[in-house]
Amino acid sequence: MNIFFEESGSFKAGTILSQQGESYQVELPGGRRSKIKGRDVLLRFESPSPAELIKQADALSQEIDMSFLWECAPAEEFPFATLAGEYFGEGASVPQQAALALALQGSPVYFRRKGRGQYQRAPQEQLQAALAGLARKQQQAALQAEYAEQLVAGHLPDALKGKELQLLFKPDKNTIEWKALDAASMTTGKTQAEIMLACGGISSPRAYHEAGFLYEYFPRGTGFPDVGPAHVPTGDLPLADVQAFSIDDITTTEIDDALSIQELPDGLLRVGIHIAAPALGIERGDAIDEIARTRMSTVYSPGDKITMLPDAIVDAYTLKEGAARPALSLYVIVKADNYDLVATETRAEMVPISANLRHNELDATITAEALADGSGEYPHKRELRLLWPFAQAMFAKRQAARLGYGLRPEVHNRTDFNFYIDGDHVTISPRMRGAPLDLIVAEMAILANSTWGKLLAECGVPGIYRAQRAYGVNRTRMQTSAAPHEGLGVEQYAWSTSPLRRYVDLVNQWQLLACARHGITAKLAAPFKPKDADLYAAVSSFEAAYAAYAEHQSRMERYWCLRWLLQENKRQVQASVLKGDTVRLNEAPLTVIAPGLGAHARGTQILLDVLSVDVVTLTVSLRVAQVLGAGAGALAEVDDSDDDGGEGGEGGENNEGGGNGEGGDGPEAGGDDSTDAQDGSASAAPETGGDDVPGTAPLAATASASGAETAASQTAC
């Protein structure tokens, strides 16, 4: 005897092996045995076989007209066998009855299950609504299939136009557009981004990487609202009796800092560190402040940048040569013989800027030897020759402090890289860290930030500090009270020297102006009072934005490194071992994995075969061709001071491209004082940002420029 029964919500058929009370031991067509309760049995039959019954029932159920069946069914609850008699006629066969049960069970739109073998037809209103819904789904499925076919064929459906970024970066996975894109991706084995690039939805891999960042952080575009003319209070400021000069890369326009030095009687020197002072014309809570607080920092990437402040504000306050510019100046009086500190003074004033010196033009001329023996001709030669030994003395004092904290001295044998973008062509130029101009600017900025941090603390005015412990978790942090920065070897460190490019520097400049003007009563006049909730919020928002911007910068640097490999048709590259199978190329700041490298000492030179490069997924496939051994590769002698807990990029204050020290605390986009203050970074990380490049449109199809600003070339306050 065979039975047709229900098990786990589906219908099955099997042969009875034995019966025990109301339970049956049944063997299914596949050989599996199951215990079935009598109440689950719907039909008993001798023939056909269980397997044949299921086969015939499936075939017959496909032929049943469900609309007609619904009309035949009574309004009240009924057993399936009764309806089978109505539909097939009296004496319906076992396969026909089973077929009707399968049809009823598989059509919940038409019939509702009320119990085992019992059904009731759906009310007419609900049936019509459900059928309309099914029709819509079928139509959507057809559209989805059509869209997917077009995408596979390399055509962008009209329905997807204008939705490219949303589909790639913030998709609603319930829409047919995304389902079509996903289906096309699965069909072709390509990523959604590759599909979109192939059909022209995104113009290029570069545009794709830029668009993802802009869509997330600048959804309304990178332009600025109209804020009117910049307010520059020049008439209220005294004129400084100095001729200051800045030191930057050729492409820098946000010139935050300048230097001056004067010889005084009695063997003293008066060193001036002059910082652009937008805080004089921007007030807390005004329209410009709202813009700066929203952006928090200038965003840098090779060949491109998105400024924190509108161009009119930058133009009004940048320390451009040829005129006196508003600045917050720190004057340091030191002894000329041993550079011991005698006195400091902070004041707001108009500072004459006599020259904007450029690394690109002077690095080859202004060497340590030339500064020592007086050879060569270059602007502000006398001032630079006075600043050079002072900067060396400041560096030596910081190294002594580092040793006191248990750290090793900083190492200046790393290589930085400049990115210069012209259209889709990239030039990557190495630049050794530790040039005299780097050290001068770095030490002056560290001196300013540490001195001003101390001034804020002495006046009881809260500021935003960078603090760092030598060891332990969460070594580096931002806080509103003074604490040592052990990596830099200073007792306190308040970012104050890039107010055109970082919001925390602008905040600190407001506080410093209050100190300069009001002295011990400054905490009553400062825009931010102690325990101001907005100050804590600014710290939190800045850290989040800064990390995101640094990640974007790092991503774009990797993109351009991979583009460079393709552009130069590199089949083999030389690299230096960092740790394990992680290596860094000698000719570009690209860190990759070399599979199967084995154990080698840090700095070991290896030759790699370049097998493939993918600028969409930002991956490169390499193979070890030869181990060259310890050599004089560009990065063979790497700085290992990251083991001491250094904070990568804490220097580099004028690095418009940002600091990106791999071995330290993390990428400090925008740097802090100079790349020479990389107190623990072990990489030759690219810290770039095209200074003269305007903000780009979301797809950034044409965003490019000649030149970029790098950590090494932007080492100023």
Just wondering, do [Y] and [X] contact through their side chains at under 4.5 Å, heavy atoms?
X      : Y      : answer
Phe542 : Arg502 : yes
Leu259 : Ile261 : no
Asn508 : Trp452 : no
Ser260 : His274 : yes
Leu578 : Val583 : no
Leu280 : Pro326 : yes
Glu551 : Ser554 : no
Trp510 : Val507 : yes

Report yes or no: does [X] contribute a side-chain atom to a donor-acceptor pair with the main-chain N or O of [Y] at less than 3.5 Å?
X      : Y      : result
Gln492 : Ser450 : yes
Tyr549 : Arg295 : yes
Asp304 : Val299 : no
Thr298 : Met308 : yes
Gln468 : Gly487 : yes
Arg398 : Gly489 : no
Arg270 : Ile333 : no
Tyr465 : Gly453 : yes
Tyr317 : Gly281 : yes
Arg402 : Arg408 : yes

Do [X] and [Y] have side-chain N/O donor and acceptor atoms under 3.5 Å apart?
X      : Y      : answer
Tyr503 : Asp289 : yes
Asn586 : Ser576 : yes
His209 : Arg555 : yes

Ring-face cation of Arg284 near Phe528 (centre distance under 6.0 Å, axis angle within 45°): yes
Check against side chain to side chain contact (heavy atoms under 4.5 Å, CB included), Glu216 and Lys170: CA-CA 9 Å; Glu216 175 73 19; Lys170 284 190 177 179; 3.4 Å; yes
Side chain to side chain contact (heavy atoms under 4.5 Å, CB included) assessment of Asp256 paired with Thr497: CA-CA 7 Å; Asp256 289 290; Thr497 48; over 6 Å; no
Where is the tightest heavy-atom contact between [X] and [Y], given as atom of each residue plus distance?
X      : Y      : answer
Phe169 : Ala211 : CE1-C, 3.9 Å
Gly519 : Cys459 : O-SG, 3.6 Å
Arg466 : Thr476 : NH2-CG2, 3.4 Å
Val351 : Ser329 : CG2-OG, 3.6 Å
Gln511 : Pro527 : OE1-CD, 3.1 Å
Leu407 : Leu403 : O-CD2, 3.3 Å

Trace of the salt bridge (Lys or Arg N to Asp or Glu O under 4.0 Å) decision for Glu486 with Arg475: CA-CA 10 Å; Glu486 298 176 1; Arg475 293 170 295 126; over 6 Å; no
[atom1]/[X] to [atom2]/[Y] distance, rounded to the nearest 0.5 angstrom?
X      : Y      : atom1 : atom2 : answer
Arg517 : Leu512 : CZ    : CG    : 11.5 Å
Leu447 : Ile273 : CG    : CD1   : 4.5 Å
Leu455 : Thr344 : CG    : OG1   : 7.5 Å
Cys561 : Ile428 : SG    : CD1   : 4.5 Å
Ile275 : Leu500 : CD1   : CG    : 9.5 Å
Arg501 : Thr252 : CZ    : OG1   : 7.0 Å

A quick test of your reading: do over 12 heavy atoms of other residues, nucleotides or ligands sit less than 6.0 Å from [atom1] of [X]?
X      : atom1 : value
Lys397 : NZ    : yes
Lys529 : NZ    : yes
Glu283 : CD    : no
Gln399 : CD    : yes

CA sep, side-chain torsions, deciding dist, call: His359, Leu437, side chain to side chain contact (heavy atoms under 4.5 Å, CB included): CA-CA 8 Å; His359 284 290; Leu437 292 181; 3.7 Å; yes
Verdict with reasoning, Cys515 to Thr346, per side chain to side chain contact (heavy atoms under 4.5 Å, CB included): CA-CA 8 Å; Cys515 294; Thr346 298; over 6 Å; no
Trace of the side-chain hydrogen bond (donor to acceptor under 3.5 Å, both in side chains) decision for Thr318 with Glu254: CA-CA 6 Å; Thr318 186; Glu254 291 170 291; over 6 Å; no
Parallel, tilted or perpendicular: rings of Phe213 and His552 (30°, 60°): parallel
